[in-house]
Protein chains: 2
Amino acid sequence: MEDEVDRLVAAWRRERPDLDVEPLEVLSRVSRLARHLDRARRLAFAEHQLEPWEFDVLTALRRAGTPYQLSPGQLLTQTLVTSGTMTNRIDRLAKKGLVERLPDPSDRRGVLVRLTDVGRDRADQALAGLLEQERAILAELSRAQRAELAGLLRQLTAPFDNIPG
Amino acid sequence: MEDEVDRLVAAWRRERPDLDVEPLEVLSRVSRLARHLDRARRLAFAEHQLEPWEFDVLTALRRAGTPYQLSPGQLLTQTLVTSGTMTNRIDRLAKKGLVERLPDPSDRRGVLVRLTDVGRDRADQALAGLLEQERAILAELSRAQRAELAGLLRQLTAPFDNIPG
DNA sequence: CCCGTTTCTCTCGATGTCAAGAGACTCGAC
DNA sequence: GTCGAGTCTCTTGACATCGAGAGAAACGGG
């Protein structure tokens with residue numbers, strides 16, 4: 001089956017026959033698939049009244065384990081947004097009752113963000129929904145193919161995740 | 001070599017041992033790799049004084065072939081942004097002298113956006129730089145592995161690209 | 001022809017993000 | 001102790017995007 005990247009590559013070969021555009025076969029597909037996934041996730045989360053960014057923050061806290069609390073700084077590094085953005089996000093999540101701000105008992109500059117019970121349940125439900133949807137997308141592939149794909153992708157992501165920042 | 005997704009998956013298995021999180025092994029890697037690629041591309045384009053969105057628009061015109069012109073509407077569908085955004089983008093590219101607006105001779109409601117010579121050269125140079133960088137990222141894999149990866153990704157993207165919109 | 005519908009592009013207001021910096025507090029050297 | 005550098009969170013202003021809708025022109029049935 002043909003996809004958009006096949007058409008993209010064909011267009012480049014026509015317009016720039018001097019260039020080797022083979023890298024696009026892999027990396028343009030990665031980018032485009034990621035975009036499709038973003039849209040699909042937005043839909044899946046909407047069923048739980050969550051935005052993707054809310055899911056990101058809530059699950060970071062959820063993965064931390066009890067008592068489900070992290071500093072805003074720790075949340076920054078996990079979600080890769082800036083501090084101004086995180087302040088805004090915590091404000092909105094707190095207003096919705098999904099997290100609460102607590103003073104950090106060991107550092108009076110600091111704050112701890114803790115998941116409320118409601119927040120934990122919402123995160124758990126949204127994760128279950130996400131996994132269900134992702135399983136449907138991956139049904140195109142056999143178990144062996146999925147493992148193969150995961151392994152090849154790991155080879156590409158590992159340098160980014162380990163060497164720099 | 002371990003990557004962030006391995007750590008992510010391990011955290012979920014600890015916190016939610018009841019869930020099968022195998023889909024994350026593939027799809028979280030796709031999303032994270034796409035994010036790394038975005039950052040890398042931003043850097044590569046900066047050497048040519050281009051933003052990623054500028055590259056998107058210029059190369060859409062470039063791929064169209066001579067005379068390198070498309071309507072704003074055609075650019076919308078290729079770049080997947082809204083019309084308000086495209087108007088803004090064309091304004092800024094025109095101000096930089098990379099594209100120009102022409103009245104559409106066959107439809108007085110319409111406009112044609114045409115790549116200037118400067119714009120075409122910038123697009124060509126930026127594409128060459130991008131491909132060079134992408135080749136470096138893909139050097140982790142053998143030619144056969146790249147072909148395998150492209151094929152598996154195509155199986156996942158094809159349903160999105162063909163069935164819906 | 002004429003009028004309603006559709007198809008274009010652009011305008012406008014709201015929103016989320018980033019980058020830079022301010023303010024509060026901690027920590028270590030002296 | 002005290003001072004300066006470092007750390008942490010929040011504030012502010014700029015900016016790109018989206019979504020809804022306005023205005024202009026094309027299209028097509030009666």
Side-chain angles (χ1 to χ4, degrees), chain A residues 31 34-36 38-39 41-43 45-46 49-58 60-61 64 69-96 98-114 165, chain B residues 31 34-36 38-39 41-43 45-46 49-58 60-61 64 69-96 98-114 165:
Chain A
S31 293
R35 242 150 121 176
H36 292 307
D38 280 347
R39 290 206 322 170
R41 277 199 269 258
R42 181 174 295 278
L43 285 175
F45 293 148
Q49 288 82 48
L50 284 180
E51 298 289 321
W53 64 264
E54 297 179 294
F55 180 82
D56 284 348
V57 175
L58 295 181
L61 293 165
Q69 56 190 23
L70 293 172
S71 71
Q74 290 172 310
L75 286 171
L76 293 191
T77 65
Q78 291 217 17
T79 58
L80 303 177
V81 297
T82 60
S83 62
T85 299
M86 187 51 68
T87 297
N88 186 11
R89 289 183 173 187
I90 296 168
D91 286 348
R92 284 177 284 163
L93 286 170
K95 200 171 296 179
K96 287 179 71 170
L98 303 179
V99 305
E100 53 189 347
R101 272 197 183 86
L102 305 172
D104 183 338
S106 68
D107 184 342
R108 257 189 297 179
R109 293 169 304 179
V111 166
L112 289 176
V113 180
R114 184 164 68 191
Chain B
S31 293
R35 241 149 120 178
H36 292 308
D38 280 346
R39 290 205 323 167
R41 277 199 269 259
R42 181 174 295 279
L43 285 175
F45 293 148
Q49 288 81 52
L50 285 180
E51 299 287 321
W53 64 263
E54 297 179 294
F55 180 83
D56 284 347
V57 176
L58 296 181
L61 292 166
Q69 57 190 21
L70 292 172
S71 71
Q74 290 172 310
L75 286 170
L76 293 190
T77 65
Q78 291 217 17
T79 58
L80 302 177
V81 297
T82 60
S83 62
T85 299
M86 187 51 68
T87 297
N88 186 12
R89 288 183 173 187
I90 296 168
D91 286 348
R92 284 176 284 162
L93 286 170
K95 201 171 295 178
K96 287 179 71 170
L98 302 179
V99 305
E100 53 189 347
R101 271 195 183 87
L102 305 173
D104 183 337
S106 67
D107 185 340
R108 256 187 299 177
R109 293 168 304 178
V111 166
L112 289 177
V113 180
R114 183 165 68 189

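A note on names: the letters A, B, ... follow the listed sequences, proteins ahead of strands, and every chain is numbered from 1.
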- Query: More 5' along DNA chain D: Gly73(A) or Thr85(B), using each one's nearest nucleotide?
  - Reply: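 This one resolves to Gly73(A).
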- Residue closer to the 5' end of DNA chain D, Ser106(B) versus Thr87(A) (nearest nucleotide):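 This one resolves to Thr87(A).
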- Message: What's Gly84(B) touching, base or sugar-phosphate or nothing? Going by heavy atoms closer than 4.0 Å.
- Response: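 Base, at least one base atom sits under 4.0 Å.
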- Checking all strands, does Asp107(B) fall into the base, sugar-phosphate, or nothing category for heavy-atom contacts under 4.0 angstrom?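 Contact class for Asp107(B): sugar-phosphate only.
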- Can you give the first and last nucleotides of DNA chain C, 5' to 3', that have an atom under 4.0 Å from a heavy atom of chain B?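 The protein-touched segment is dT7(C) to dT11(C).
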- Item | Span of DNA chain D in contact with chain B (heavy atoms, under 4.0 Å) |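 Extent of the interface on DNA chain D: dA16(D) to dA26(D).
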- Message: Do Ser31(A) and Arg41(B) pair up side chain to side chain, a donor and an acceptor below 3.5 Å, judged on atom types alone?
- Response: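 On atom types as modelled, these side chains qualify, holding a pair under 3.5 Å.
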Could you pull out the closest heavy-atom pair between [X] and [Y], with the gap in Å?
X: Glu54(A); Y: Glu51(A); value: OE1-N, 2.6 Å
X: Thr79(B); Y: Asp56(B); value: CG2-O, 4.2 Å
X: Val113(A); Y: Leu61(A); value: O-CD2, 3.4 Å
X: Val111(A); Y: Pro72(A); value: O-CD, 3.2 Å

- Rounded to the nearest 0.5 Å, what separation is found between the CG atom of Leu93(A) and the CG atom of Leu50(A)?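 Answer rounded to 0.5 Å: 8.5 Å.
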- Query: Taking atom CG of Leu58(B) and atom CZ of Phe45(B), what is their separation to the nearest 0.5 Å?
  - Reply: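 Separation between the atoms: 10.0 Å.
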- Residue closer to the 5' end of DNA chain C, Arg92(A) versus Arg101(B) (nearest nucleotide):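 Final value for this comparison: Arg101(B).
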- Message: I want to confirm an ordering. Mapping Asp91(B) and Thr82(A) to their closest nucleotides on DNA chain C, which one lands closer to the 5' end?
- Response: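 Nearest-nucleotide comparison on DNA chain C picks Asp91(B).
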- Item | Other residues, nucleotides, ligands: >12 heavy atoms within 6.0 Å of Arg101(B) CZ |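 For Arg101(B), atom CZ is crowded (more than 12 foreign heavy atoms under 6.0 Å).
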